[in-house]
Amino acid sequence: ILNTNSAICPWINTVGIYHTARRRFGLQFCPECLKAEPAFKRSWRIAYSTTCPIHNQILLDACPHCGAALAPHRNHVSLAHCHVCYRLLSQTANQCPELGVASKLQAVQNWFSGKDLTGISDPAIRRGELLAGCHSLLAMLRQHATHCRNSHLVEAGSGPLELLRATERREALIFLHQLITQWPSHFRS
């Protein structure tokens, strides 16, 4: 569902195109996947996708060398190179999340993609309801993050989820995992 007031589509990362320049960090990539096949996957634009399910690596949202937002359409060398510094995007150290964090992030990805609803108190809930409810809940709680005592929510920053950098979205999703798996007691606290 498109929010016509702000042109932000729920759960889709925004790239912030302004005169063909990308102002935001909405396009993500897995260095290992990009090394194997120089192409950007649609699933990397989804806000709840923060780790690669194949390589268990953290998805990056900028060039690991110069920090530029990704704009593969502006690159004249190849999709696997940065359009600013022309270095290979896949030439970076493997960044795997900690084991506990990785399992939480993978669980959230599985819930929202409809693969596995383990950990959700009501597995009969429909995927669309889960996505809409969690998006609204996160938006509401993030507006009042200063009143929460959860470090993940405070570290996630402010603004719409779809405008956040990958590291901030990971923090918000870890908080969401805690909230859902300990429902409703964690929500009340």
Side-chain angles (χ1 to χ4, degrees), residues 1-17 22-30 33 39-61 69-70 97 100-145 147-148 150 152-189:
I1 300 170
L2 182 64
N3 181 345
T4 56
N5 293 334
S6 65
I8 295 175
C9 194
W11 296 111
I12 306 295
N13 292 332
T14 267
V15 292
I17 298 174
R22 294 198 176 182
R23 305 276 188 221
R24 302 237 176 238
F25 297 87
L27 184 59
Q28 307 175 105
F29 70 98
C30 167
C33 288
F40 288 85
K41 299 178 181 181
R42 272 190 284 169
S43 62
W44 293 341
R45 287 285 308 280
I46 306 296
Y48 58 77
S49 293
T50 58
T51 58
C52 175
I54 299 167
H55 300 104
N56 193 34
Q57 282 199 24
I58 292 173
L59 295 181
L60 303 178
D61 64 357
L70 303 174
V101 171
S103 63
K104 290 175 184 177
L105 293 171
Q106 190 59 51
V108 172
Q109 279 182 253
N110 289 341
W111 294 340
F112 291 156
S113 62
K115 292 179 184 173
D116 183 12
L117 295 177
T118 304
I120 294 180
S121 59
D122 184 4
I125 192 168
R126 293 191 318 223
R127 182 175 175 249
E129 294 170 340
L130 180 65
L131 283 167
C134 286
H135 192 273
S136 297
L137 190 60
L138 264 179
M140 181 209 41
L141 291 173
R142 291 186 65 245
Q143 284 179 345
H144 305 288
H147 302 296
C148 289
N150 187 291
H152 293 293
L153 192 61
V154 172
E155 290 175 21
S158 60
L161 185 72
E162 297 79 9
L163 299 180
L164 298 178
R165 297 285 309 263
T167 53
E168 296 166 329
R169 276 186 288 106
R170 275 192 290 279
E171 293 297 328
L173 293 172
I174 291 168
F175 170 75
L176 183 65
H177 180 273
Q178 293 171 348
L179 188 66
I180 290 176
T181 55
Q182 299 171 17
W183 188 267
S185 61
H186 195 170
F187 176 70
R188 287 185 189 127
S189 68

Check for a donor-acceptor pair, side chain of S136 on one end and backbone N or O of G133 on the other, with a separation under 3.5 Å. no
Does any part of the side chain of C30, heavy atoms only, come nearer than 4.5 Å to the side chain of I54, both counted from C-beta? no
Nearest 0.5 Å please: distance from the CD1 atom of I180 over to the SG atom of C134. 3.5 Å
Atom CG of L59 and atom OG of S43: how far apart are they, to the nearest 0.5 Å? 8.0 Å
Student check: side-chain heavy atoms of F29 and K41 closer than 4.5 Å: no
Would you please say whether a donor-acceptor pair under 3.5 Å links the side chains of Q106 and H177? no
Separation of L173 CG from L179 CG (nearest 0.5 Å): 12.0 Å
Look at the rings of F112 and W11 and say which category their plane angle falls in: under 30° parallel, 30 to 60° tilted, over 60° perpendicular. tilted
Hey, what do you get for CZ (R127) to NZ (K115), rounding to the nearest 0.5 Å? 10.0 Å
Partner residues of W44 under the ring-ring contact (aromatic ring centres under 6.0 Å, His included) criterion, sequence neighbours left out: none
In sequence, state the C-alpha distance, the side-chain angles, and the governing distance for H135 and E162, and then conclude on side-chain contact (heavy atoms from CB on, under 4.5 Å). CA-CA 10 Å; H135 192 273; E162 297 79 9; 2.5 Å; yes
Tell me, please, which residues at least two apart from T51 pass side chain to side chain donor-acceptor pair (under 3.5 Å). Q109
Would you call L70 and F40 a side-chain contact if the rule is heavy atoms closer than 4.5 Å? yes
Would the distance check show the side chain of E171 and the main-chain N or O of E168 forming a donor-acceptor pair, the cut-off being under 3.5 Å? no
Looking at R169, R24, R165, which hits side-chain hydrogen bond (donor to acceptor under 3.5 Å, both in side chains) with D61? R165
Looking only at heavy atoms, what is the nearest atom pair of I58 and P97, with distance? CG1-CD, 3.7 Å
Contact check, side chains of L27 and N13, non-hydrogen atoms, under 4.5 Å: no
Which heavy atom of T50 sits nearest to which heavy atom of Q28, and what is that distance? CA-OE1, 4.4 Å
Looking at every heavy atom in both P160 and I8, which two are closest together, and how far apart are they? CG-CD1, 3.9 Å
Closest approach of G100 and S103, non-hydrogen atoms and distance? O-OG, 2.9 Å
Any heavy-atom pair between the side chains of L161 and Y48 that's under 4.5 Å? no
Smallest separation among heavy atoms of L105 and R170, with atom names: CD1-CD, 3.7 Å
